[in-house]
Amino acid sequence: DAGVIQSPRHEVTEMGQEVTLRCKPISGHNSLFWYRQTMMRGLELLIYFNNNVPIDDSGMPEDRFSAKMPNASFSTLKIQPSEPRDSAVYFCASRLQGFGGYTFGSGTRLTVV
Amino acid sequence: TQLLEQSPQFLSIQEGENLTVYCNSSSVFSSLQWYRQEPGEGPVLLVTVVTGGEVKKLKRLTFQFGDARKDSSLHITAAQPGDTGLYLCAGARVDSNYQLIWGAGTKLIIKP
C-alpha cells in the first residue's frame, strides 16, 4: 500500500488566494482526519469524516475553511481566502474505525505571503 | 479541557545514552499512542497501549501505560542517531471513538 497520499507537498500563495489541499486515504480505511501542525499549537484536529460523512468540524477555524469527501478515496481541504496566519503544515490521516492508530500522510507545507 | 503534558520538550544526548520521555494527564484515557515524526514527514505510529500497567517493547524502546491510564512513558536504551526525531504521545478520550488529545512533543537529538 502506498500509504496516505497528499498533494501538493509545498504550496506558496499570496494572501487572498484560494488554496486546495488534496488527500487520498489508505484503501479500506473509513475514517479520515485533517490536522494542522504549527510550532505554537502543535497538532490540531480540523475535521473528521467517517464513511465520507463529516462528523466533527468543530476544529475548522472559520468559514474560510471547508472540506469535502466526495468518495472513499479522495478528500479536499480548501481555504478561501487564505491569510498569512494559515501558514502551517496540514496533514491528512486515515484509519479503519476502531482499530488502532492513525496513518498520516507526508503533509502539505502551506506558506501564505 | 483535557491536557496531555509531555516532558522534556527538548533533549540532546550522546549516542549510547539512555533516556525517558513522559506524558502526564489528570484525565483517564482509553488508550495511548506514541508516534515519531521526522522532519518533512507525518507522524508514524510506534505503539498503542491499552491496559493500565501495560508494557510494550519495540527493540530498544520500552513503552509503559500507567496503572490508572493517565500517564505513559517511553524509555530508549542505548540511543542511536536513527532515534532522532519528534516523539508525540496522544491519548484517546474515553468518551469518543476518534478524538485524540495530543502532547506537544519531545524533540530528541542523538549525537554520534
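Proteins get letters first, then strands, A, B, ... in listed order; numbering begins at 1 in each. A quick note: this is a predicted structure, and the numbers were derived from the prediction, not measured.
The other members of the hydrophobic cluster of Ile109(B), by chain and number, are Phe10(B) (side-chain heavy atoms under 4.5 Å, ILVMFWY only). Taking Ile, Leu, Val, Met, Phe, Trp and Tyr as hydrophobic and joining them when side-chain heavy atoms fall under 4.5 Å apart, one finds Phe33(A) in a cluster with Tyr35(A), Leu43(A), Leu45(A), Tyr48(A), Val53(A), Ile55(A), Val89(A), Phe91(A), Tyr102(A), Phe104(A), Tyr35(B), Leu45(B), Leu86(B), Leu88(B), Tyr98(B), Leu100(B), Trp102(B).
To the nearest 0.5 Å, atoms CD (Glu38(B)) and OG (Ser106(A)) are separated by 11.0 Å.
The contact between Gln37(A) and chain B is made entirely by side chain atoms (from C-beta outward), counting heavy-atom distances below 4.5 Å. The contact between Gln33(B) and chain A is made entirely by side chain atoms (from C-beta outward), counting heavy-atom distances below 4.5 Å.
Residues of residues 57-84 of chain B placed with any heavy atom under 4.5 Å of a heavy atom in chain A are absent; none qualify.
When the side chains of ILVMFWY residues are joined at heavy-atom separations under 4.5 Å, either directly or via intervening members, Ile26(A) and Tyr90(A) end up in two distinct hydrophobic clusters.
For Lys56(B), the salt bridge (Lys or Arg N to Asp or Glu O under 4.0 Å) partners two or more places apart in sequence, or in a different chain, are Glu54(B).
Counting non-hydrogen atoms of other residues, nucleotides and ligands closer than 6.0 Å to CD of Glu17(B) gives a total above 12. The 12-atom threshold is exceeded at CD of Gln14(B), counting heavy atoms of other residues, nucleotides or ligands nearer than 6.0 Å. Summarising the local packing, CZ of Arg109(A) is surrounded by 12 or fewer heavy atoms from other residues, nucleotides or ligands at distances under 6.0 Å. Counting heavy atoms of neighbouring residues, nucleotides and ligands inside a 6.0 Å radius, atom CG of Asn71(A) exceeds 12 of them.
Residues Gly40(B) and Arg9(A) share a closest heavy-atom pair of O-NH2, 2.6 Å.
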